[in-house]
Amino acid sequence: DAAVDRYDCRGARPMSTAAEPAVPVPPATAGRAPARAWTAFTTVLTWAVFLQAVTAGRIVTGDDWARDVHRTAAGLLFIAAVVGGLVALVRLRDRAGGRRLGLMLVAMGVGLFVQHGLGTAAADGEDTLWIHIPLGVALVALMMRLDMFTRRLGGPA
């Protein structure tokens with residue numbers, strides 16, 4: 001072999017004079033950037049679902065503005081969850097846990113759609129508040145769970 005082994009100046013380890021190709025090492029944060037973006041998305045979505053309870057409370061106290069805000073936010077949350085889920089299914093298909101995150105977001109969107117329907121029915125005089133309120137509590141809890149799952153989103157699979 002043409003390579004000659006030598007020791008470094010302290011005589012501690014052998015060095016080779018053979019040229020070895022340098023292996024590029026990506027920054028440690030490069031793989032975490034998409035995970036951080038998804039964590040931010042689910043955190044904002046979680047807070048928005050939670051804040052629906054605040055507007056519901058304002059409806060009960062008689063604030064007229066709260067009904068419109070509650071209804072509009074409910075529709076936007078449904079759209080955000082479904083679109084976010086579909087985007088996650090496409091963008092995170094090669095990431096550990098990515099497909100599951102996408103499916104969980106789509107399922108959350110379905111739950112928000114059902115919740116929106118129950119709330120609309122209650123506003124129209126139907127007796128649906130008995131299920132609308134506990135479903136809202138469950139959706140907040142499930143959204144918190146989804147947010148915790150997103151924080152453990154893996155790197156490329």
Side-chain angles (χ1 to χ4, degrees), residues 13 19-157:
R13 61 181 176 174
E20 295 179 18
V23 178
V25 178
T29 58
R32 298 296 305 159
R36 280 196 212 110
W38 284 102
T39 298
F41 174 75
T42 58
T43 299
V44 169
L45 197 60
T46 300
W47 276 104
V49 170
F50 173 76
L51 290 174
Q52 281 292 86
V54 174
T55 58
R58 298 310 306 173
I59 291 170
V60 172
T61 60
D63 288 341
D64 292 331
W65 63 267
R67 183 178 306 269
D68 293 333
V69 171
H70 190 74
R71 182 177 294 185
T72 302
L76 292 174
L77 286 171
F78 155 70
I79 292 168
V82 170
V83 169
L86 294 175
V87 170
L89 285 170
V90 172
R91 300 280 300 177
L92 300 176
R93 66 182 173 273
D94 296 333
R95 187 173 287 268
R99 180 172 179 200
R100 184 173 176 197
L101 173 63
L103 292 173
M104 289 168 70
L105 280 167
V106 170
M108 181 58 64
V110 170
L112 290 166
F113 179 77
V114 170
Q115 180 73 339
H116 185 272
L118 290 169
T120 300
D124 292 340
E126 298 290 324
D127 183 24
T128 58
L129 280 181
W130 66 272
I131 191 71
H132 179 74
I133 293 169
L135 179 58
V137 173
L139 288 173
V140 170
L142 290 171
M143 197 63 227
M144 290 173 68
R145 177 68 182 108
L146 191 149
D147 188 45
M148 288 188 300
F149 175 81
T150 306
R151 293 171 191 279
R152 292 190 319 265
L153 192 62

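Predicted, not measured: the structure shown is a model, and the values here were computed from it.
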Suppose we screen for salt bridge (Lys or Arg N to Asp or Glu O under 4.0 Å). Which residues come up paired with D68, at least two apart in sequence or across chains?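 Scan of D68 (salt bridge (Lys or Arg N to Asp or Glu O under 4.0 Å), adjacent residues dropped) gives none.
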Atom [atom1] of [X] and atom [atom2] of [Y]: how far apart are they, to the nearest 0.5 Å?
| X | Y | atom1 | atom2 | result |
| --- | --- | --- | --- | --- |
| R93 | R99 | CZ | CZ | 12.5 Å |
| L101 | W38 | CG | CH2 | 6.5 Å |
| F50 | M143 | CZ | CE | 14.0 Å |
| M148 | T150 | CE | OG1 | 10.0 Å |
| T39 | R152 | OG1 | CZ | 11.0 Å |
| L146 | L103 | CG | CG | 11.0 Å |

Atom CH2 of residue position W65 - does it have more than 12 heavy atoms of other residues, nucleotides or ligands inside 6.0 Å?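 More than 12 heavy atoms, drawn from other residues, nucleotides or ligands, come within 6.0 Å of this atom.
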Can you confirm whether D64 is buried at CG, in the sense that more than 12 heavy atoms of other residues, nucleotides or ligands lie under 6.0 Å from that atom?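 12 or below, so no.
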Which atoms form the tightest heavy-atom contact between [X] and [Y], and what is the distance?
| X | Y | result |
| --- | --- | --- |
| L153 | G98 | CD1-N, 3.9 Å |
| A88 | L105 | CB-CD1, 4.4 Å |
| G75 | H116 | N-CD2, 3.7 Å |
| A48 | L77 | CB-CD2, 3.4 Å |
| R58 | A66 | CB-CB, 3.5 Å |

Could you pull out all residues at least two apart from L118 that satisfy side-chain contact (heavy atoms from CB on, under 4.5 Å)?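 By the side-chain contact (heavy atoms from CB on, under 4.5 Å) rule, L118 matches V114, Q115, T128, I131, H132, L135.
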How about L139 and L112: do any of their side-chain heavy atoms sit closer than 4.5 Å?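 Sidechains of L112 and L139: in contact.
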Without swapping roles, check the side chain of R100 against the backbone of G97 for a donor-acceptor pair under 3.5 Å.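 No, the answer is negative, given that no donor and acceptor are paired below the 3.5 Å cut-off.
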How about T42 and R151: does a side-chain donor come under 3.5 Å of a side-chain acceptor?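 No.
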Non-neighbouring partners of F149 that pass ring-ring contact (aromatic ring centres under 6.0 Å, His included), sequence neighbours left out: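 Once residues adjacent in sequence are excluded, F149 has no partner under the ring-ring contact (aromatic ring centres under 6.0 Å, His included) criterion.
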